Participant: 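Below is a structure I'd like to ask you about.
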Amino acid sequence: MECPFLVDATKSFKSIPEMRFTDSEQFGVERSTICKWVYVFQKEYATVDPALVDFVGTDEATTCVGVAFRNRRNGMTSVAHIDFPNIIENAVSQMLSLVVDPSSDAELDVHLVGGFEDVLLKESNDITELEDRKKTEGYSFPLCNKIIERLWTRPETFHLQTLCVLHHNTRRDSKGNAYPIFSGFSVKTSDGSVFPASFDSTSRCPDEVIRRIRLSSSYEDPSLKGRLLETYETHTDQFKIEPCCWSPWKRYMALSLQQLSDAEILQSCSTSPSAEAPDFVENSRRQWAYLVEHPDWKESFPKKKPRIFRRAADGKWERSFN
């Protein structure tokens with residue numbers, strides 16, 4: 001964390017204006033430029049080909065960490081939004097599967113953005129029990145520690161370029177409450193430059209609500225345990241959202257959660273209630289409304305087939321029913 005090169009790199013990253021991705025032409029990346037990007041939700045990853053995609057990124061990472069690998073030789077770039085330490089071993093392997101060419105020695109740039117001092121670490125002789133120690137570490141520290149540890153043990157050559165995490169990514173208000181400085185970033189695939197980024201509901205696409213529901217359902221699916229969710233197909237530049245099922249219990253829970261106040265939703269559904277973006281509650285309510293309106297998951301996945309989205313000429317995503 002105190003490596004002079006990385007400290008300077010973090011300062012440079014913080015000085016870059018945030019790019020705002022939106023379908024609106026009022027600001028950010030305008031659709032008139034036919035700019036093609038891929039958005040990654042929590043527990044997802046996407047590996048993109050610079051010949052097909054201009055930007056790849058993620059946001060909404062408070063205690064989560066966004067990770068990017070880029071092959072210096074061919075520009076192949078993989079971005080993931082990692083939420084828990086127990087998926088990191090498989091996550092790194094998944095991300096590198098299309099980034100690293102087994103026939104050559106790859107030089108890989110690495111960028112980590114997200115995670116903050118969600119709990120003030122205090123070393124104390126009184127903290128002896130494992131659970132007590134976990135409480136002092138919060139969510140972000142164990143996650144960052146595990147990511148670095150895994151990179152250290154891998155055989156590939158990694159060049160850590162950005163480490164905007166933990167205290168490098170923390171601001172405090174007048175009362176000492178901690179908040180992340182950045183919760184998102186994007187990689188420009190043509191040259192590997194990385195910059196702070198945010199996305200709105202028009203640019204977190206395609207199939208935002210279904211992908212959010214798939215995330216929550218994945219924790220109940222044994223086949224997805226310890227793995228990142230695959231939604232984007234690198235070589236075809238299309239999204240393929242595999243079927244996920246939800247039971248009547250899921251609808252019942254959605255009905256119950258709809259009754260909560262905004263403050264109760266933050267306390268019940270977030271690992272960092274005071275640090276969430278303004279649209280956190282709205283996004284949660286949209287998921288629950290969908291589950292209530294569509295109690296049978298087969299309505300969303302007819303014939304149990306995946307939902308496929310292809311990129312149109314204007315860069316937008318269009319659902320394919322073929």
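Everything numeric in this text was worked out from a predicted model, so none of it was measured. Residue indices begin at 1 and follow the sequence shown.
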Participant: Run the numbers on Ser201 and Arg286 for side chain to side chain donor-acceptor pair (under 3.5 Å), then give the verdict.
Facilitator: CA-CA 11 Å; Ser201 60; Arg286 285 192 292 118; 5.4 Å; no
Participant: Quick test of your reading: applying ring-ring contact (aromatic ring centres under 6.0 Å, His included), list the pairs with at least one residue in residues 214-243, sequence neighbours left out, ordered by first then second residue.
Facilitator: Tyr232-Phe239, Phe239-Trp317
Participant: Are Tyr39 and Phe21 an aromatic pair, judged by ring center distance below 6.0 Å?
Facilitator: no
Participant: Enumerate the salt bridge (Lys or Arg N to Asp or Glu O under 4.0 Å) contacts for residues 256-269, please, sequence neighbours excluded, ordered by first and then second residue.
Facilitator: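 The answer is Asp262-Arg285.
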Participant: Whether Arg311 and Glu318 form a salt bridge (side-chain N of Lys/Arg under 4.0 Å from carboxylate O of Asp/Glu) is what I want to check.
Facilitator: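 No, Glu318 and Arg311 are not salt-bridged.
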Participant: For Leu228, is there any backbone N or O sitting under 3.5 Å from a side-chain donor or acceptor partner on Gln94?
Facilitator: yes
Participant: Salt-bridged, Asp54 to Lys36, with N to O below 4.0 Å?
Facilitator: no
Participant: Would you call Arg307-Asp207 a salt bridge at under 4.0 Å N-O?
Facilitator: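 Result for this pair is yes, salt bridge flagged.
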Participant: Ignoring hydrogens and geometry, is there a side-chain-to-backbone donor-acceptor pair from Gln267 to Ala263 under 3.5 Å?
Facilitator: no
Participant: Could you please spell out the steps behind the side chain to side chain donor-acceptor pair (under 3.5 Å) verdict for Ser218 and Lys43?
Facilitator: CA-CA 9 Å; Ser218 70; Lys43 205 187 174 186; 3.3 Å; yes
Participant: Side chain to side chain contact (heavy atoms under 4.5 Å, CB included), that's the test. Do Gln258 and Val292 meet it? Break it down for me.
Facilitator: CA-CA 10 Å; Gln258 282 182 324; Val292 171; 3.7 Å; yes
Participant: Is there a donor-acceptor contact under 3.5 Å from the side chain of His168 to the main chain of Leu163?
Facilitator: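 No; zero donor-acceptor contacts below 3.5 Å.
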Participant: Judged by atom type as modelled, is there a donor-acceptor pair below 3.5 Å linking the side chain of Asn86 to the main-chain atoms of Gly226?
Facilitator: no
Participant: May I have the step-by-step check of salt bridge (Lys or Arg N to Asp or Glu O under 4.0 Å) for Arg211 and Glu44, ending in yes or no?
Facilitator: CA-CA 9 Å; Arg211 286 164 70 187; Glu44 289 184 350; 2.7 Å; yes
Participant: Charged N to carboxylate O under 4.0 angstrom, Arg204 versus Glu60?
Facilitator: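 A salt bridge links Arg204 with Glu60.
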Participant: Looking only at atom types and distance, does a side-chain atom of Thr189 sit under 3.5 Å from a main-chain N or O of Val53, one as donor and one as acceptor?
Facilitator: yes
Participant: Look at the side chain of Thr170 and the backbone N and O of Leu166, then say whether any donor-acceptor pair between them is shorter than 3.5 Å.
Facilitator: yes
Participant: As an exercise, state the distance from CD of Glu242 to CG of Leu224, rounded to the nearest 0.5 Å.
Facilitator: 10.0 Å
Participant: Quick check for you: to the nearest 0.5 Å, what is the distance between Glu18 atom CD and Asp59 atom CG?
Facilitator: 8.5 Å
Participant: Within the supplied structure, the quantity of interest is the number of heavy atoms (other residues, nucleotides, ligands) at a distance under 6.0 Å from Glu89 CD; does it exceed 12?
Facilitator: no
Participant: Taking atom types as modelled, is there a side-chain donor on Thr63 or Ser272 under 3.5 Å from an acceptor on the other?
Facilitator: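 Per modelled atom types, Thr63 and Ser272 side chains form no pair under 3.5 Å.
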Participant: Please determine whether side chain to side chain contact (heavy atoms under 4.5 Å, CB included) holds for the pair Val165 and Phe116, giving the CA-CA distance in whole Å, both sets of side-chain angles, and the decisive distance to 0.1 Å.
Facilitator: CA-CA 6 Å; Val165 299; Phe116 69 111; over 6 Å; no
Participant: Please report the C-alpha distance between His81 and Val65 in whole Å, then the side-chain angles of each, then the deciding distance to 0.1 Å, and finally whether the side chain to side chain contact (heavy atoms under 4.5 Å, CB included) criterion is met.
Facilitator: CA-CA 6 Å; His81 185 133; Val65 175; over 6 Å; no
Participant: Determine all donor-acceptor pairs shorter than 3.5 Å in which one atom belongs to a side chain in residues 175-184; sequence neighbours excluded.
Facilitator:
residue: Asn177; atom: ND2; partner: Asp173; partner atom: OD2; Å: 3.1
residue: Tyr179; atom: OH; partner: Asp173; partner atom: OD2; Å: 3.1

Participant: Find the distance between CZ (Phe280) and SG (Cys269) and round it off to the nearest 0.5 Å.
Facilitator: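 Here the interatomic distance stands at 6.0 Å.
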Participant: Answer with yes or no after comparing the ring centroid distance for Phe69 and Phe158 against a 6.0 Å cut-off, counting only values under it.
Facilitator: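 Ring centroids of Phe69 and Phe158 are less than 6.0 Å from each other.
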Participant: Using a 3.5 Å distance criterion without hydrogens, assess whether the side chain of Ser186 forms a donor-acceptor pair with backbone atoms of Val56.
Facilitator: yes
Participant: Determine yes or no for a side-chain-to-main-chain donor-acceptor pair under 3.5 angstrom, with Arg73 supplying the side chain and Asp105 the backbone.
Facilitator: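 Yes; at least one donor-acceptor contact below 3.5 Å.
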Participant: Are the side chains of Thr47 and Met76 in touch, meaning some heavy atoms are under 4.5 Å apart?
Facilitator: yes
Participant: Is it the case that the side chain of Asn71 and the backbone of Val99 share a donor-acceptor pair, with hydrogens and angles ignored and the cut-off at 3.5 Å?
Facilitator: yes
Participant: Determine, step by step, whether Glu220 and Ser217 satisfy the side chain to side chain donor-acceptor pair (under 3.5 Å) criterion, reporting the C-alpha distance in whole Å, the side-chain angles of both residues, the deciding distance to 0.1 Å, and the verdict.
Facilitator: CA-CA 6 Å; Glu220 302 167 15; Ser217 299; 5.8 Å; no
Participant: Run the side chain to side chain contact (heavy atoms under 4.5 Å, CB included) check on Ile213 and Leu291 step by step: do they pass?
Facilitator: CA-CA 8 Å; Ile213 292 172; Leu291 289 168; 4.0 Å; yes
Participant: For Lys146, does the NZ atom have more than 12 heavy-atom neighbours from other residues, nucleotides or ligands under 6.0 Å away?
Facilitator: no
Participant: I'd like to check Pro306 versus Pro243 (side-chain heavy atoms, cut-off strictly below 4.5 Å). Are they in contact?
Facilitator: yes
Participant: Is the side chain of Ser203 donor-acceptor paired with the backbone N or O of Asp200 at a distance under 3.5 Å, no angle test?
Facilitator: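 Looks like yes, one N/O pair under 3.5 Å.
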Participant: Is the NZ atom of Lys11 crowded by more than 12 outside heavy atoms at less than 6.0 Å?
Facilitator: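 Incorrect, the count does not exceed 12.
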